Protein chains: 2
Amino acid sequence: MTRSPGVRKTTAELARDTLLSSDLCRGLDAALLTQLETIAQPQIFAANQLILRQGRVTDAIYLPCSGSQIVERSAAGGQRQVLAFLQRGDYLGFSTSNQFLYSARALEQSIVLRFPGRDFYALASTAPTLRDNVGQITNQVLARVLDHLFAIGQKRAHERLAFLLWQLWQRQAKDSQRATLELPMRRGDIGDYLGLTLETTSRAFSRLRKDDVIASEGRNRVQILDTEALGRLAEVE
Amino acid sequence: MTRSPGVRKTTAELARDTLLSSDLCRGLDAALLTQLETIAQPQIFAANQLILRQGRVTDAIYLPCSGSQIVERSAAGGQRQVLAFLQRGDYLGFSTSNQFLYSARALEQSIVLRFPGRDFYALASTAPTLRDNVGQITNQVLARVLDHLFAIGQKRAHERLAFLLWQLWQRQAKDSQRATLELPMRRGDIGDYLGLTLETTSRAFSRLRKDDVIASEGRNRVQILDTEALGRLAEVE
DNA sequence: CGCATGTTTGACTGTAGTCAAGATGTGTGG
DNA sequence: CCACACATCTTGACTACAGTCAAACATGCG
């Protein structure tokens, strides 16, 4: 969210930068990049606004450019499994099913690039490199879901939370040397991501605080004090 | 497992039949099918034998043709998450990571078709349809893992078991009108698939028996008595 | 400031895990 | 073919972790 002071990118600029540095565009030639930019539709979603709805026909894929988003699956019984927390550079909507298998919602105001499915796949059918990149991305998603499955199936409450914080840290702050994480989601969202109730999630936060693994700065920010301990709890290889 | 009496297929015949009727070969022309058959290596694994090992470099993909297999991920702490139970027509090994993210083992004696990665991807690079099929399969795998994640994250013990039995029934017996399932895996394997201990898994079986949802015939066979109840517990949409 | 929303904590309950014994299959050799 | 030994599964008793219900505590907003 914070940006260098004085420099304010336009939506179009931000979207363009995100697209060009994304895995989707790795190795693509200039002509193809231009075509991709042509079919891309920058969209702004307000906090809590639905980006795509579970069960609807798959009509597009999305590339988040700013803000943060949540991907979730709901069942008739009212249960909800949060499948992912997304941010700039993640992907959304790739599927060969003709219905979306999940919903996606903006957690904060977000800029998202939308690629109409028809246009995108038409383009991909002429460009093997683009198609390869889609395959790569799908495999990355699969790898992440397998990690997630392992965490939920085998770990205890505070270890599951450590797993999530580790994931977010890898993504958000690792390169920037900072050990402070933004958590735009609520405790209930985290609980539904980890297969826990919001109360148990809160207790897991308290436990990590007590053990000096993290420190809280307000509700939506945590500082990682002991990276090694966090990694041990998360049991990342 | 049971086959028409008197007719005994050779390994090569069985492998060929499985390959030709697989999603992998959907829409491929005759020349390509021949090439695929040329690079395919039929292999026989004894019960409990390792097919591929977690952490090894990805050198091949596999197509199970008979028997049943288990896919699992192990962590340093000794925990194990079973990721899938495979059988004829499933897939194994697709990945863009250069290491296998899991191990696979034969549960019973199994015939498996092996496609060396180098040969397979060389072939795929010249055949868009084959490449499309790989993408489709990866997406199917992803969809299954998302179901699995939901079950482990949100369901109670006996509901998780119902989910697995439902999955196996869909795959094994639905079309053949029979409601009898073979369970070649042990209770501990099922537990590690569902994120439960083997004792809790056993109690979940007992509960489904008590509620007349299933009946057991020996240790490795169950009969589904109440399909509707099973589906309700599994909460499949 | 006061209310609404979200989080933390407490007390209690319930579900699943642990440890241990007994039952049930399964395979082998006498 | 039976008896025995071993694997695996089931059940019981107890424990521990997470869920539920409820109250108190923050935080942010009009």
Side-chain angles (χ1 to χ4, degrees), chain A residues 1 46-48 70 77-82 105 107-109 151-165 181-211 214-222 233, chain B residues 46-48 70 77-82 107-109 151-165 181-211 214-222 233:
Chain A
M1 295 269 37
N48 227 31
I70 187 172
Q79 297 141 306
R80 178 181 72 136
Q81 177 64 46
V82 172
R105 222 165 19 87
L107 282 170
E108 323 164 278
Q109 180 173 305
I152 290 191
Q154 303 300 323
K155 291 178 195 298
R156 304 193 8 221
H158 68 287
E159 297 170 331
R160 296 188 204 181
L161 178 58
F163 163 76
L164 171 62
L165 295 177
L181 282 179
E182 297 291 335
L183 301 178
M185 69 294 283
R186 301 178 302 174
R187 294 292 184 265
D189 295 327
I190 294 177
D192 285 344
Y193 180 75
L194 300 174
L196 303 168
T197 59
L198 70 91
E199 294 95 330
T200 301
T201 304
S202 179
R203 282 185 237 271
F205 269 102
S206 301
R207 173 157 180 185
L208 293 185
R209 272 195 297 266
K210 184 175 70 63
D211 295 347
I214 62 171
S216 288
E217 302 170 7
R219 284 220 273 248
N220 297 318
R221 184 172 298 180
V222 297
L233 290 169
Chain B
N48 226 32
I70 187 171
Q79 297 140 307
R80 178 181 74 135
Q81 177 64 45
V82 171
L107 283 169
E108 322 165 277
Q109 179 173 304
I152 289 193
Q154 303 301 323
K155 293 178 194 299
R156 301 184 24 211
H158 67 287
E159 297 169 331
R160 295 188 205 181
L161 178 58
F163 164 75
L164 171 61
L165 295 177
L181 282 179
E182 297 290 335
L183 302 178
M185 70 294 283
R186 301 177 304 176
R187 294 291 184 265
D189 295 327
I190 295 178
D192 285 345
Y193 180 76
L194 299 175
L196 302 168
T197 60
L198 70 92
E199 293 95 331
T200 300
T201 305
S202 178
R203 283 185 236 271
F205 270 101
S206 300
R207 174 157 180 185
L208 293 186
R209 272 194 297 265
K210 184 176 69 66
D211 294 347
I214 60 171
S216 288
E217 303 170 6
R219 284 222 270 253
N220 297 319
R221 185 172 296 179
V222 296
L233 289 169

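The chains referred to below are lettered A, B, ... by the order of the sequence lines, with proteins before strands, and numbering in each begins at 1. All values derive from a computational prediction rather than experimental measurement.
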Engineer: Report yes if some heavy atom in the side chain of B/Lys210 is under 4.5 Å from a heavy atom in the side chain of B/His158; otherwise report no.
Structural biologist: no
Engineer: Near DNA chain D, counting only heavy atoms under 4.0 Å, which residues of residues 183-191 of chain A show up?
Structural biologist: none
Engineer: Working to the nearest 0.5 Å, report the span between CG of B/Asp211 and CZ of B/Arg209.
Structural biologist: 11.5 Å
Engineer: Rounding to a whole Å, what distance do you find between A/Arg156:CZ and D/dA18:C1'?
Structural biologist: 11 Å
Engineer: In whole angstrom, what separates A/Arg160's CZ from D/dC17's P?
Structural biologist: 13 Å
Engineer: Taking salt bridge (Lys or Arg N to Asp or Glu O under 4.0 Å) as the definition, give me every residue that meets it alongside A/Glu182, ordered by chain and number, with sequence neighbours left out.
Structural biologist: A/Arg221
Engineer: Between A/Ile152 and A/Gly195, what is the shortest heavy-atom contact and its length?
Structural biologist: CD1-N, 4.2 Å
Engineer: Looking at CD1 of A/Ile70 and CG of A/Leu107, how far apart are the two atoms once the value is rounded to the nearest 0.5 Å?
Structural biologist: 5.0 Å
Engineer: Using the glycosidic torsion, which applies to D/dA7: syn (within 90° of 0) or anti (everything else)?
Structural biologist: syn
Engineer: Is the shortest heavy-atom distance from the side chain of A/Leu233 to the side chain of A/Leu208 under 4.5 Å?
Structural biologist: yes
Engineer: Go through the side-chain N and O atoms of B/Ser206 and B/Arg203 and say whether any donor and acceptor fall under 3.5 Å apart.
Structural biologist: no
Engineer: Write down the atom of B/Leu164, the atom of B/Leu194, and the distance for their closest heavy-atom approach.
Structural biologist: CB-CD2, 4.2 Å
Engineer: Are any of the side-chain heavy atoms of B/Ile214 and B/Phe205 separated by less than 4.5 Å?
Structural biologist: yes
Engineer: B/Leu196 near the nucleic acid: base, sugar-phosphate alone, or nothing, with a heavy-atom cut-off under 4.0 Å?
Structural biologist: sugar-phosphate
Engineer: Tell me which residues in residues 204-211 of chain B lie within less than 4.0 Å of DNA chain D, going by non-hydrogen atoms.
Structural biologist: B/Ser206, B/Arg209
Engineer: Return the value, rounded to whole Å, for the distance between atom NE2 of A/His158 and atom P of D/dA16.
Structural biologist: 16 Å
Engineer: Could you check A/Arg207 against A/Leu161 for side chain to side chain contact (heavy atoms under 4.5 Å, CB included), going step by step and ending with a plain yes or no?
Structural biologist: CA-CA 10 Å; A/Arg207 173 157 180 185; A/Leu161 178 58; over 6 Å; no
Engineer: For A/Glu159 and D/dA16, give me the distance from atom CD to atom P, rounded to whole Å.
Structural biologist: 17 Å
Engineer: I'd like the 5' and 3' limits of the part of DNA chain C contacted by chain A, with heavy-atom contacts below 4.0 Å.
Structural biologist: C/dG6 to C/dA11
Engineer: Report the distance from atom CZ of B/Arg219 to atom P of D/dC9, rounded to the nearest whole Å.
Structural biologist: 6 Å
Engineer: Students often get this wrong, so: under 4.0 angstrom with heavy atoms, is A/Arg203 touching a base, only sugar-phosphate, or nothing?
Structural biologist: base
Engineer: What does the inter-axis angle of the helix from C/dC1-D/dG30 to C/dA23-D/dT8 come out as, five pairs per end, nearest 10 degrees?
Structural biologist: 40°
Engineer: Show which side-chain atoms of residues 183-192 of chain B pair as donor or acceptor with protein atoms under 3.5 Å away, not counting sequence neighbours.
Structural biologist:
from     : atom 1 : to       : atom 2 : distance (Å)
B/Arg187 : NH2    : B/Arg219 : O      : 3.4
B/Asp189 : OD1    : B/Arg80  : NH1    : 3.2
B/Asp189 : OD1    : B/Arg80  : NH2    : 2.9
B/Asp189 : OD2    : B/Arg186 : N      : 3.1
B/Asp192 : OD2    : B/Arg80  : NE     : 2.7
B/Asp192 : OD2    : B/Arg80  : NH2    : 2.9

Engineer: Does the side chain of A/Thr200 get closer than 4.0 angstrom to OP1 or OP2 of D/dA18 through an N or O atom?
Structural biologist: no
Engineer: Using OP1 and OP2 only, check whether a side-chain N or O of B/Ser202 sits under 4.0 Å from D/dC9.
Structural biologist: no
Engineer: What's the separation between atom NZ in B/Lys155 and atom CD in A/Gln79, rounded to the nearest 0.5 Å?
Structural biologist: 6.0 Å
Engineer: When you measure from the side chain of A/Gln81 to the backbone N and O of A/Tyr193, does any donor-acceptor pair fall under 3.5 Å?
Structural biologist: yes
Engineer: By nearest nucleotide on DNA chain D, pick out whichever of B/Ser216 and A/Glu199 is the more 5' one.
Structural biologist: B/Ser216
